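Written out below as structure tokens is the structure these notes cover.
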Amino acid sequence: MRYDLVIFDNDGVLVDSEPISNRLLAGYLTELGHPTSYEDSVRDYMGSAMHRVHDLVLERTGRRLPEDFDEVFHARVFAAFERELRPVPGVTDVLEKLAADGVPYCVASSGSHERIRVGHRTTGLDRWFTDERIFSSEDVGRGKPAPDLFLYAAERMGVAPGRCVVVEDSPLGVQAAVAAGMDVYGFTAMTPPERLEGAGRLFADMGELAGLLV
């Protein structure tokens with residue numbers, strides 16, 4: 001194993017949540033008078049913390065989103081997760097291999113702790129991620145593309161940044177990993193490869209990942 005720690009993004013890498021959340025985000029923003037297509041949401045917000053949604057809407061329109069925006073949005077997302085969410089195909093095999101080989105791993109997500117845990121409970125991935133393996137942008141204040149979250153996760157796991165690899169599917173996440181001085185593998189199942197510029201390796205099938213890590 002060439003790395004001492006594998007850091008997974010969550011949405012779109014561990015759980016197949018990006019189509020659900022971006023569909024709902026686009027719909028809610030449009031409902032509030034900010035016309036947004038699914039493609040717009042993926043382009044502008046995929047992989048980011050919620051503060052980016054507020055910041056971009058304010059920057060573009062001069063209007064603030066409602067104070068309860070996050071609460072309403074997450075309620076809709078969690079309800080949809082209960083009905084639709086699945087683990088990313090092949091990811092449980094990767095986690096089983098890492099656990100069997102004794103390779104440390106964790107998740108570092110722009111999503112809230114609640115969102116991460118709801119998704120993991122719904123998909124059964126909670127068996128792989130105890131509390132000490134879960135890190136959220138809530139822990140650091142600045143979400144991706146800032147490197148803070150990945151650096152915090154590495155510090156808490158006791159591994160130097162240069163010995164970490166990040167598995168990401170968003171441009172913001174790739175930027176954050178590069179800024180943290182970590183290798184990054186770009187998962188292209190949903191993101192065009194050219195949008196993950198900076199990733200050291202690209203792969204489209206999660207089943208390929210275990211072989212790439214050795």
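On a predicted model such as this, the values are computed, not experimentally measured, just so you know. Counting begins at 1 with the first residue of the sequence.
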For atom CD of Glu67, decide whether the heavy atoms of other residues, nucleotides or ligands shown that lie under 6.0 angstrom number more than 12. no
Least distance between heavy atoms, Ser136 atom then Gly111 atom: OG-O, 2.7 Å
Can you confirm whether Glu71 is buried at CD, in the sense that more than 12 heavy atoms of other residues, nucleotides or ligands lie under 6.0 Å from that atom? no
Could you go step by step and tell me if Val118 and His74 meet the side chain to side chain contact (heavy atoms under 4.5 Å, CB included) rule? CA-CA 11 Å; Val118 167; His74 284 128; over 6 Å; no
To the nearest 0.5 Å, what is the distance between CD (Glu96) and CZ (Arg127)? 6.5 Å
Kindly indicate whether the side chain of Val165, heavy atoms from C-beta on, has any atom under 4.5 Å from the side chain of Arg2. no
Among the clusters formed by ILVMFWY side chains lying less than 4.5 Å apart, do Met182 and Met157 turn up in the same one? yes
Is the closest basic N to carboxylate O distance between Arg156 and Asp139 below 4.0 Å? no
Verdict with supporting geometry, Lys144 and Asp9, side chain to side chain contact (heavy atoms under 4.5 Å, CB included): CA-CA 11 Å; Lys144 307 168 189 178; Asp9 176 43; 3.0 Å; yes
Is a side-chain donor or acceptor of Thr36 paired with a backbone partner of Thr30 at a separation under 3.5 angstrom? no
Could you tell me the separation between the OG atom of Ser21 and the CZ atom of Phe78, rounded to the nearest 0.5 Å? 11.0 Å
Using atom types as modelled and distance alone, determine if a side-chain donor or acceptor of Thr122 lies under 3.5 Å from a backbone N or O of Glu82. no
Residue Glu197 excluded, over 12 heavy atoms near CD under 6.0 Å: no
Would you say Val167 and Tyr105 make side-chain contact, with heavy atoms under 4.5 Å? no
State yes or no: do Tyr38 and Leu24 share one hydrophobic cluster built from I, L, V, M, F, W and Y residues joined by side-chain heavy-atom distances below 4.5 Å, directly or via other members? no
Output yes when Asp40 and Arg43 qualify as a salt bridge under the 4.0 Å nitrogen-oxygen rule, no when they do not. yes
Close side-chain approach of Leu56 to Tyr45, heavy-atom, < 4.5 Å: yes
Taking all non-hydrogen atoms of both residues into account, name the closest pair between Leu149 and Ser109 and its distance. CD2-O, 3.4 Å
same_hphob_cluster(Leu125, Val13) at 4.5 Å side-chain heavy-atom cutoff: yes
Search all heavy atoms of Met206 against all heavy atoms of Gly90 and return the closest pair with its distance. CG-C, 3.9 Å
Side chain to side chain contact (heavy atoms under 4.5 Å, CB included) between Leu29 and Val53, worked out: CA-CA 9 Å; Leu29 288 172; Val53 182; 4.2 Å; yes
Note: Ser110 and Ser137 closest approach over all heavy atoms is O-OG, 2.7 Å
Do the non-hydrogen side-chain atoms of Arg60 and His34 ever get within less than 4.5 Å of each other? no
Are any of the side-chain heavy atoms of Val15 and Asn10 separated by less than 4.5 Å? yes
Side chain to side chain, Leu209 and Phe8, heavy atoms closer than 4.5 Å: yes
Are the charged groups of Arg52 and Asp44 less than 4.0 angstrom apart, N to O? no
Going by distance alone, is a donor N or O of one side chain under 3.5 Å from an acceptor N or O of the other, for Ser112 and Glu114? no
The reported gap from CD in Glu168 to CG in Leu196 (rounded to nearest 0.5 angstrom) is 8.5 Å
Drop me the distance from His120's NE2 to Leu85's CG, to the nearest 0.5 angstrom. 9.0 Å
Is there a continuous path of hydrophobic side-chain contacts, each under 4.5 Å between heavy atoms, that joins Leu172 to Met50? no
Close side-chain approach of Leu14 and Trp128, heavy atoms under 4.5 Å: no
Can you confirm whether Asp169 sits close enough to Met46 that some side-chain heavy atom of one is under 4.5 Å from a side-chain heavy atom of the other? yes
Passes salt bridge (Lys or Arg N to Asp or Glu O under 4.0 Å), Arg201 versus Asp183? Steps please. CA-CA 9 Å; Arg201 294 196 180 200; Asp183 284 357; over 6 Å; no
What's the shortest heavy-atom distance between Val94 and Ala210, and which atoms? CG2-N, 4.4 Å
If only atom types and distance count, is the side chain of Thr188 paired as donor or acceptor with the main-chain N or O of Phe203 below 3.5 Å? yes
One thing to verify: whether Arg115 and Asp11 come together as a salt bridge, which I'm taking to mean a side-chain N less than 4.0 angstrom from a carboxylate O. yes
Test log, rule side chain to side chain contact (heavy atoms under 4.5 Å, CB included), inputs Asp101 and Lys97: CA-CA 6 Å; Asp101 292 347; Lys97 181 74 164 62; 2.4 Å; yes
Is the Tyr28 ring parallel, tilted or perpendicular to the Phe69 ring (thresholds 30°, 60°)? parallel
Tell me whether Glu84 is salt-bridged to Arg23, with the criterion being a basic N under 4.0 Å from an acidic carboxylate O. yes
Give a yes or no on whether a salt bridge exists between Arg76 and Glu31, defined as a side-chain N under 4.0 angstrom from a carboxylate O. yes
Which atom names give the shortest non-hydrogen contact between Cys164 and Val159, and what distance separates them? SG-CG1, 3.7 Å
Using the rule that two of Ile, Leu, Val, Met, Phe, Trp, Tyr join whenever any of their side-chain heavy atoms come within less than 4.5 Å, decide whether Phe129 and Val103 are in one cluster. yes
Please tell me whether Phe135 and Phe150 form a close aromatic pair, meaning their ring centres lie under 6.0 Å apart. no
